[in-house]
Amino acid sequence: MRVSPELNAPREYPTTLYLNDAELLTIQTTPVDLQDWAWGFMFAEGLIREPGAIKRVVVDEDRGVVWVDAPGVKPPDPDMDKRYITSGCGKGVTFTSIKDATQLRPLTSDLKVTLEQLQDWIRRMNEQTPLFDVSGGMHHATVVPVETGEMKVREDIGRHNAVDKAIGAAARAGWDLRRCVILTSGRISYEMCSKMGRCGLVIGATRTAVTDMAVRLANNLGIELVGYVRGNKAVVYTQGVRIE
């Protein structure tokens with residue numbers, strides 16, 4: 001039997017991000033929701049302090065180029081060649097080392113959720129993944145305001161990109177990330193936890209595992225991480241003070 005290698009295959013494409021006409025990086029992405037990705041990447045990597053700093057985002061999906069206009073915004077580290085290749089599919093990029101991440105300020109919040117809420121939100125997230133349903137090879141993520149349970153599920157070939165897209169979608173919608181939970185289909189590693197720390201997200205959950213470095217960073221930052229949320233099961237990796 002002859003099978004086309006492109007049949008229902010997960011999409012990936014090199015996408016170059018420009019900040020104020022300066023090339024920032026090129027990364028493999030799934031070329032959908034790239035405006036959300038640009039907002040989320042800029043915010044979660046600490047390149048902007050608040051979403052309002054971005055005045056315009058222009059996306060050319062055919063060429064794989066995204067331009068971000070953020071007047072007066074400069075990278076926090078003048079050595080922009082210092083990039084870290086993250087673990088996992090898609091080879092995400094971060095400008096933050098684990099040493100840099102430990103310098104983030106601890107988060108204070110009274111936000112709490114139940115395990116039942118996390119399990120329900122993961123289930124609902126998994127029901128809103130059309131790209132995964134077709135290809136079977138995509139990651140997905142969503143940000144959920146605890147009070148409303150709304151969702152903006154985003155998908156990508158890379159787990160970091162899916163998280164950035166979800167954060168960007170929530171930021172563009174004006175949601176208060178400090179009152180939200182982030183959910184992902186992929187492993188939560190230290191650089192994902194550092195993204196949470198910058199955005200004020202104090203609770204994160206995944207269908208899979210949490211790394212040891214992520215656990216140490218989360219405990220330092222006051223972040224709750226829950227893994228293997230499947231069916232009626234879950235593993236709380238951190239202190240559990242935000243889980244009822």
Side-chain angles (χ1 to χ4, degrees), residues 27 37 39-49 76-77 82-113 115 118 121-122 125 139-144 146 154 156 158-171 175-229 234-243:
I27 192 170
W37 170 73
W39 278 67
F41 182 84
M42 295 282 296
F43 190 25
E45 284 294 316
L47 300 175
I48 59 173
R49 296 286 184 177
D77 183 352
K82 189 176 182 181
R83 302 174 185 178
Y84 300 87
I85 306 300
T86 62
S87 60
C89 60
K91 292 300 180 185
V93 174
T94 181
F95 297 110
T96 304
S97 68
I98 184 62
K99 181 179 179 180
D100 297 328
T102 58
Q103 305 305 310
L104 295 172
R105 303 176 75 176
L107 303 176
T108 57
S109 172
D110 61 353
L111 192 68
K112 292 185 178 182
V113 297
L115 283 177
L118 294 179
W121 292 333
I122 288 277
M125 177 183 71
H139 278 293
H140 43 277
T142 188
V143 171
V144 183
V146 172
R154 295 294 183 265
D156 198 274
R159 58 191 174 91
H160 302 83
N161 299 336
V163 165
D164 287 336
K165 287 179 179 181
I167 290 173
W175 293 354
D176 183 357
L177 296 181
R178 296 169 298 180
R179 308 301 299 173
C180 293
V181 171
I182 189 164
L183 312 171
T184 176
S185 63
R187 183 175 62 254
I188 296 180
S189 45
Y190 92 85
E191 68 278 0
M192 281 198 183
C193 187
S194 67
K195 289 177 185 288
M196 293 176 60
R198 289 190 197 89
C199 297
L201 291 157
V202 295
I203 301 173
T206 175
R207 294 184 68 251
T208 55
V210 177
T211 70
D212 58 343
M213 290 175 67
V215 172
R216 289 197 294 270
L217 180 59
N219 284 328
N220 288 337
L221 297 181
I223 291 174
E224 205 78 79
L225 296 179
V226 184
Y228 292 106
V229 183
V235 175
V236 181
Y237 281 83
T238 44
Q239 299 176 19
V241 297
R242 302 189 188 281
I243 307 298

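One is the number of the first residue; the rest follow in order along the sequence.
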>> Within the 4.5 Å heavy-atom criterion, are Arg242 and Ser109 side-chain neighbours or not?
In response: yes

>> Return the CE to CD1 distance between Met192 and Ile182, rounded to the nearest 0.5 Å.
In response: 8.0 Å

> OG1 of Thr184 to CZ of Arg154: how many Å apart, nearest 0.5 Å?
Replying inline: 14.0 Å

> For the residue pair Val236 and Glu224, what are the closest heavy atoms and their distance?
Replying inline: CG1-OE2, 4.2 Å

> Would a distance-only check, ignoring hydrogens and angles, find a side-chain to backbone donor-acceptor pair under 3.5 Å from Thr142 to Leu183?
Replying inline: no

> So do Ile243 and Leu118 actually touch side chain to side chain, heavy atoms under 4.5 Å?
Replying inline: yes

> To the nearest 0.5 Å, what is the distance between OG (Ser189) and NE2 (His160)?
Replying inline: 4.0 Å

> Would a 4.5 Å heavy-atom cut-off, applied to side chains only, mark Leu225 and Met196 as touching?
Replying inline: yes

> Are the side chain of Thr206 and the backbone N or O of Gly227 linked by a donor-acceptor pair below 3.5 Å?
Replying inline: no

>> Test side chain to side chain contact (heavy atoms under 4.5 Å, CB included) on Trp37 and Asp156; report intermediate values, then the result.
In response: CA-CA 10 Å; Trp37 170 73; Asp156 198 274; 5.9 Å; no

>> I need the minimum non-hydrogen distance between Lys112 and Val241, along with the two atoms involved.
In response: CE-O, 3.4 Å

> Tell me, do Thr238 and Ile223 make a side-chain contact under 4.5 Å, heavy atoms counted?
Replying inline: no

> For Leu115 and Ala234, which heavy atoms make the closest approach, and how far apart are they?
Replying inline: CD2-CB, 4.0 Å

>> For a quick test of reading the model, state the closest non-hydrogen atom pair linking Ala44 to Ile167 and the distance between them.
In response: CB-CD1, 4.1 Å

>> What's the separation between atom CG in Leu217 and atom OH in Tyr190, rounded to the nearest 0.5 Å?
In response: 9.5 Å

>> Side chains of Trp175 and Val143, heavy atoms from C-beta outward: is any pair under 4.5 Å?
In response: yes

>> I'd like to check Phe41 versus Leu47 (side-chain heavy atoms, cut-off strictly below 4.5 Å). Are they in contact?
In response: yes

> Say you draw a straight line from NE2 of His139 to CZ of Arg187; how long is it, rounded to the nearest 0.5 Å?
Replying inline: 8.0 Å

>> Looking at every heavy atom in both Asp176 and Cys180, which two are closest together, and how far apart are they?
In response: O-SG, 3.2 Å

> Between atom NZ of Lys195 and atom CG of Leu201, what is the distance when rounded to the nearest 0.5 Å?
Replying inline: 11.5 Å

> Just wondering, do Tyr237 and Thr211 contact through their side chains at under 4.5 Å, heavy atoms?
Replying inline: no

>> For Asp110, is there an ion pair with Arg178 - N to carboxylate O distance below 4.0 angstrom?
In response: no

> Do you know the tightest heavy-atom contact between Ala162 and Ala141?
Replying inline: O-CB, 3.6 Å

>> Val113 and side chain to side chain contact (heavy atoms under 4.5 Å, CB included): which single residue from Val144, Val146, Val202 fits?
In response: Val146

> Are any of the side-chain heavy atoms of Gln239 and Asn219 separated by less than 4.5 Å?
Replying inline: yes

